[in-house]
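I have placed the structure first, in the form of structure tokens, so that the comments after it can refer back to it.
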Amino acid sequence: MTIRVVIVDDQAMVRAGFAALLSAQADIDVVGEAPDGRQGVQVSRSTHPDVVLMDVRMPEMDGLTAAREILDPPPGVVHRPRVLMLTTFDIDDYVYEALRAGASGFLLKDAPPADLIAAVRVVASGEALLAPSVTRRLIADFVQQRPAPRKDPALRLNGLTPRETEVLELIARGLSNQEIAGHLVLAEQTVKTHIGRVLAKLDLRDRAQAVIFAYEAGLVRPGDSA
């Protein structure tokens with residue numbers, strides 16, 4: 001199956017370079033480009049891509065606002081592509097909020113070409129781009145700079161069963177499905193079922209959002225270890 005990609009970046013050379021690189025792959029088709037977030041939303045709505053590469057800082061509409069509009073569309077818009085944020089910084093307010101909004105991950109603009117290609121394929125497959133341990137480290141570093149956990153996420157934890165809460169905590173601590181299965185003495189398929197229920201109950205898209213939620217709810221804190 002061909003992966004349909006839209007590239008949104010205010011630098012024409014960046015768009016052209018990414019488009020050339022991705023279009024050269026047999027399984028990737030660049031179906032649209034845009035120079036700002038507002039046009040990026042429009043192009044995404046008309047072309048129905050699988051993945052949107054979204055620059056963080058752009059004129060007219062920044063990448064965070066555009067990602068929110070794509071990931072939480074108005075009634076009647078049913079297509080929701082995966083969003084991969086592009087940034088020149090390791091992680092900052094914009095990227096963190098984009099992950100909270102449902103972006104599947106972020107990639108540095110100066111990453112090797114192979115990393116960009118792999119990232120598009122991983123995100124298109126429905127997985128979060130970052131390995132759980134990397135996601136956890138980056139989010140934990142950022143959460144340390146933020147205020148105390150908000151009450152709303154903590155209250156939403158009440159909707160989970162004790163087992164589901166335990167699984168969420170282990171996700172946030174950086175364990176893979178296989179490691180969670182071993183830790184809880186469960187079949188890996190059972191772990192996947194629990195994770196699916198956690199994401200559904202908390203209205204989360206993937207592991208990256210789950211990790212952020214667990215930190216903001218106070219379920220885990222920076223410095224905790226598995």
Output yes when [X] and [Y] qualify as a salt bridge under the 4.0 Å nitrogen-oxygen rule, no when they do not.
X      : Y     : result
Lys109 : Asp55 : yes
Arg68  : Glu97 : yes
Arg15  : Asp10 : no

Any side-chain heavy atom of [X] within less than 4.5 Å of one from [Y]?
X      : Y      : answer
Leu157 : Phe213 : yes
Asp9   : Val14  : yes
Val6   : Glu33  : no
Pro81  : Val51  : no
His183 : Leu170 : yes
Asp206 : Ser104 : yes
Leu71  : Val83  : yes
Val191 : Leu184 : no

Only counting residues at least two apart or in another chain, list the ones meeting side-chain hydrogen bond (donor to acceptor under 3.5 Å, both in side chains) with [X].
X      : answer
Arg163 : Glu166
Asp27  : Arg121
Thr65  : Asp62
Glu169 : Arg173

- [ ] Please test Asp110 against Thr88 for side chain to side chain contact (heavy atoms under 4.5 Å, CB included), starting from the C-alpha separation and ending with a verdict.
- [x] CA-CA 7 Å; Asp110 60 358; Thr88 54; over 6 Å; no
TODO: Verify side chain to side chain contact (heavy atoms under 4.5 Å, CB included) between Glu69 and Met61, making sure each step is shown before the conclusion.
DONE: CA-CA 11 Å; Glu69 289 203 11; Met61 178 186 287; 3.4 Å; yes
Got a second to check how far [X]'s [atom1] is from [Y]'s [atom2], nearest 0.5 Å?
X      : Y      : atom1 : atom2 : value
Asp29  : Thr47  : CG    : OG1   : 10.0 Å
Leu202 : Leu168 : CG    : CG    : 6.5 Å
Thr193 : Glu164 : OG1   : CD    : 10.5 Å
Ile117 : Gln25  : CD1   : CD    : 3.5 Å
Ile3   : Leu22  : CD1   : CG    : 9.5 Å
Arg207 : Leu199 : CZ    : CG    : 8.5 Å

- [ ] Would you check if the side chain of Thr190 reaches a backbone N or O of Leu186 as a donor-acceptor pair within less than 3.5 Å?
- [x] no
Task: Ser125 side chain vs Val122 backbone, donor-acceptor pair below 3.5 Å - done: yes
Task: Which atom of Ala34 lies closest to which atom of Val43, heavy atoms considered - done: CB-CG2, 4.2 Å
Task: Check against side chain to side chain contact (heavy atoms under 4.5 Å, CB included), Ile7 and Val30 - done: CA-CA 8 Å; Ile7 301 169; Val30 177; 4.1 Å; yes
TODO: Enumerate the residue pairs fulfilling salt bridge (charged side-chain N to carboxylate O under 4.0 Å, His left out) with a member in residues 40-52, sequence neighbours excluded, ordered by first and then second residue.
DONE: none
Open item on the list: Side chains of Asp36 and Gln39: any donor to acceptor distance under 3.5 Å?
Closed with: yes
Task: Verdict with reasoning, Leu107 to Met85, per side chain to side chain contact (heavy atoms under 4.5 Å, CB included) - done: CA-CA 6 Å; Leu107 189 70; Met85 305 303 295; over 6 Å; no
Open item on the list: Suppose the criterion is ring-ring contact (aromatic ring centres under 6.0 Å, His included): which pairs have a residue in residues 7-60, not counting sequence neighbours?
Closed with: His48-His79
